[in-house]
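This report concerns only the one structure given below.
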Amino acid sequence: MGQTGQEGARVLVGVLGGGQLGRMLALAGLPLGLRFRFLDPSPEAPAREVGELVVGDFDDPGALDRFCAGLDVATFEFENVPLAAAERVAARVAMHPSPRALATGQDRLSEKALFREVGVGVHDFAAAASDADVREIAARLGLPLIAKTRRMGYDGKGQMVLREQKDVDACWSALGGVPLLVERLVPFEREVSIVACRGSSGEFAGYPLTQNTHVRGILRESVAPAPDPGGRMSDEAARHARRIMERIGYVGVLAIEFFVRDGELLANEMAPRVHNSGHWTIDGCACSQFENHCRAIAGLPLGPTAARAQSVMVNLIGHVPRAEEVLRVPGAHLHLYGKAARPGRKVGHVTIVGPDALAGAERVKAMSLLT
Ligand code: AMP
């Protein structure tokens, strides 16, 4: 791979997916001398403004060829990219994280198996491949449970809480008759996540633990660093992330979401990419998750991950507030994704940094009511 600045050549990074994560990767990587090309089915993809956009389906061989031509390295910003597309790209150009990491992140059962394999705590779960399996698991584990499609789930989609027998009866067809993961519904105290990065030489950098609040299955707010007296949970989460990354030879940013129950971490899922719960790092850290992902995949040294100050990120969902109003909040940074507002759609986020971050977040939430 060409190195940044070498003979004036600029590293061309190909990103599968052109959503807001891709856009923020480019916003972080352009100053490092990287250039970006995106593949996305939509001509309106948010990344269109920060790099070259190849419009095409992920399974269109012609579009994949145009995407791959001349790339130095490839990555993805969307974990539901078909595995075959990622493998096709990886056969032609170095891809980080690897298709293997993508495959693990696409299947809730593989994720849980990996967590168990490296000793990360998980709550009870079982795989269901039929209506009869769902009933058997419900009888064995007891209610309440939560059933999730093994694949293609995000932002709370493809999930159903099973509280009564009638939910068990309806579950298999309500979720479309596809393979499921059925888990115990955890009465958690809070949800936290770790975002960490591993470089190509094995270097590891973990961001502080973040505390997340979801509304209707969609992340609404992240507080960082998460309250964690003595840093015990933070250290444990970083150890878990490191073990997972080392086990699968991971390069780039990885996020792991946990439930906290009786002060213990239980892993819910992982995302083999930059993550919404790490958006605060753009304004709250010297080197953001986006910059560190770019550094890792381009073979550059990783940057510092400590928090500069208390930071709170509020997602803007279904509604774009007025910039004048948001920016009147002390310490507020506005990030819009160039997307049209639709109910339930993430159109931007605001990060408030500084000692009054929590109060500032309340003001931002009041002006960006969920739709
Ligand atoms: P997921 O798509 O797995 O991240 O789930 C979306 C949200 O649903 C989580 O952030 C939790 O708020 C909730 N949830 C998912 N799984 C469970 C569970 N096993 N117990 C309790 N709540 C859950």
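Reckoned from all heavy atoms, side chains included, excluding hydrogens, waters and symmetry mates. The model shown is predicted, which means the values in this text are computed figures rather than measured ones. Whatever order the structure lists them in is the order used to number ligands and atoms, beginning at 1.
Of all atoms in ligand 1, listed by their number and element, those nearer than 4.0 Å to a heavy atom of H123 are 19 (N). The distance from ligand 1 to the heavy atoms of H214 drops below 4.0 Å at these ligand atoms: 10 (O). Annotation for ligand 1: atoms under 4.0 Å from non-hydrogen atoms of E269 are 1 (P), 2 (O), 3 (O), 4 (O). Per-residue contacts place E191 under 4.0 angstrom from the following atoms of ligand 1 (heavy atoms of the residue considered): 9 (C), 10 (O), 11 (C), 12 (O).
Checked against side-chain hydrogen bond (donor to acceptor under 3.5 Å, both in side chains), Q211 has the following partners two or more places apart in sequence or in another chain: R190. Qualifying side-chain hydrogen bond (donor to acceptor under 3.5 Å, both in side chains) partners for R308, counting only residues two or more places apart in sequence or in other chains: none.
With a 4.0 Å cut-off on non-hydrogen atoms, L185 touches ligand 1 through its backbone as well as its side chain. At a heavy-atom cutoff of 4.0 Å, ligand 1 is contacted by the side chain of Q159 but not by its backbone. Residue contacts with ligand 1 for N268 involve side-chain atoms from C-beta outward but no N, CA, C or O (heavy atoms, distance under 4.0 Å).
A salt bridge does not link R10 with D72: none of the charged nitrogens is closer than 4.0 Å to a carboxylate oxygen.
Looking at heavy atoms from C-beta onward, F36 lies out of side-chain contact with L12 at the 4.5 angstrom threshold. At least one side-chain heavy atom of D65 sits less than 4.5 Å from a side-chain heavy atom of R92.
Between the side chain of R184 and the backbone N or O of D124 there is no donor-acceptor pair closer than 3.5 Å.
Here's the thing with V186: one of its N/O atoms is less than 3.5 angstrom from an N/O atom of ligand 1.
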